[in-house]
Chemist: 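Pasting in a structure now, in structure tokens, and then I'll have a few things to ask.
Only this structure's heavy atoms are used, side chains among them; waters, hydrogens and symmetry mates stay out. Throughout, residue positions are numbered sequentially from 1 according to the sequence presented.
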Amino acid sequence: MLDDTPSGLSAGRRCGGQAVAVAELVRVRRLSDQEGQQLLRITRRGTGSPIRLRRAMVVLASAGGNTVPAIARLVQADEDTIRQLIHRFNEMGMACLEFPPL
């Protein structure tokens, strides 16, 4: 049987006998102690760039086990934007907090 599910999606549910594509879970990689401390410092101080603060909140929320929809509600952002940020953090690390807007 051929799998015609788009890349990044999995056929996880069936609806009326049809496979329904479901986005895979997206989570940040395990944080180093230094990254965790730096992210906590950014969120606790709440000073500086509001974009940087919001991105730090997203990364911490994901590391804490929250789902993308829950994080999107928390920071009032689009789920796709949250997924993009998580992917960027996994690739770039802390530099993604300073990167130009998503």
Side-chain angles (χ1 to χ4, degrees):
M1 180 172 160
L2 294 174
D3 183 14
D4 58 354
T5 305
S7 175
L9 299 176
S10 60
R13 295 189 212 152
R14 295 215 171 259
C15 181
Q18 297 278 333
V20 177
V22 178
E24 293 181 27
L25 290 178
V26 177
R27 295 230 169 120
V28 295
R29 60 174 169 70
R30 185 178 173 96
L31 301 177
S32 70
D33 289 340
Q34 183 181 0
E35 289 171 331
Q37 290 171 1
Q38 191 174 357
L39 289 165
L40 284 173
R41 220 176 2 255
I42 291 167
T43 57
R44 285 182 179 157
R45 286 185 185 157
T47 57
S49 166
I51 293 171
R52 186 172 187 242
L53 170 62
R54 200 165 161 198
R55 289 178 179 180
M57 289 172 58
V58 167
V59 172
L60 278 176
S62 181
N66 291 289
T67 62
V68 168
I71 297 169
R73 284 191 302 273
L74 174 72
V75 297
Q76 297 180 346
D78 183 68
E79 290 181 21
D80 289 336
T81 303
I82 301 301
R83 286 185 190 93
Q84 284 179 340
L85 177 58
I86 291 170
H87 285 300
R88 272 197 190 162
F89 180 83
N90 289 339
E91 293 169 7
M92 301 173 61
M94 296 296 288
C96 81
L97 301 182
E98 308 300 333
F99 205 75
L102 297 173

Chemist: Restricting to pairs with a member in residues 58-79, which pass side chain to side chain donor-acceptor pair (under 3.5 Å), not counting sequence neighbours?
Modeler: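 Residue pairs passing side chain to side chain donor-acceptor pair (under 3.5 Å), neighbours aside: Glu79-Arg83.
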Chemist: Once you round to the nearest 0.5 Å, how far does CG of Leu97 lie from CZ of Arg88?
Modeler: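 That separation rounds to 11.0 Å.
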Chemist: In Å and rounded to the nearest 0.5 Å, what is the CD1 to CZ distance from Ile86 to Arg55?
Modeler: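 Between Ile86 CD1 and Arg55 CZ, I get 13.0 Å after rounding to 0.5 Å.
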Chemist: Quick check: do Val75 and Ile82 have side-chain heavy atoms less than 4.5 Å from each other?
Modeler: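 In short, these two side chains touch, coming nearer than 4.5 Å.
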Chemist: Could you measure the distance from the CD atom of Gln38 to the CZ atom of Arg41? Nearest 0.5 Å is fine.
Modeler: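 Going from the CD atom of Gln38 to the CZ atom of Arg41 covers 6.0 Å.
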Chemist: Which residues pass the side-chain hydrogen bond (donor to acceptor under 3.5 Å, both in side chains) test with Arg29, sequence neighbours left out?
Modeler: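 Residues passing side-chain hydrogen bond (donor to acceptor under 3.5 Å, both in side chains) with Arg29: Glu35.
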Chemist: Any idea which heavy atoms bring Asn90 and Arg27 closest together, and the distance?
Modeler: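 Shortest heavy-atom contact: ND2-O, 3.1 Å.
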Chemist: Hey, are the side chains of Val58 and Thr81 touching, using non-hydrogen atoms and a 4.5 Å cut-off?
Modeler: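 They are not in side-chain contact.
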Chemist: Let me have the donor-acceptor pairs involving side chains of residues 43-51, under 3.5 Å, with sequence neighbours excluded, atom names and distances please.
Modeler:
from, atom 1, to, atom 2, distance (Å)
Thr43, OG1, Leu39, O, 3.2
Thr43, OG1, Leu40, O, 3.1
Ser49, OG, Ile51, N, 3.2
Ser49, OG, Arg52, N, 3.3

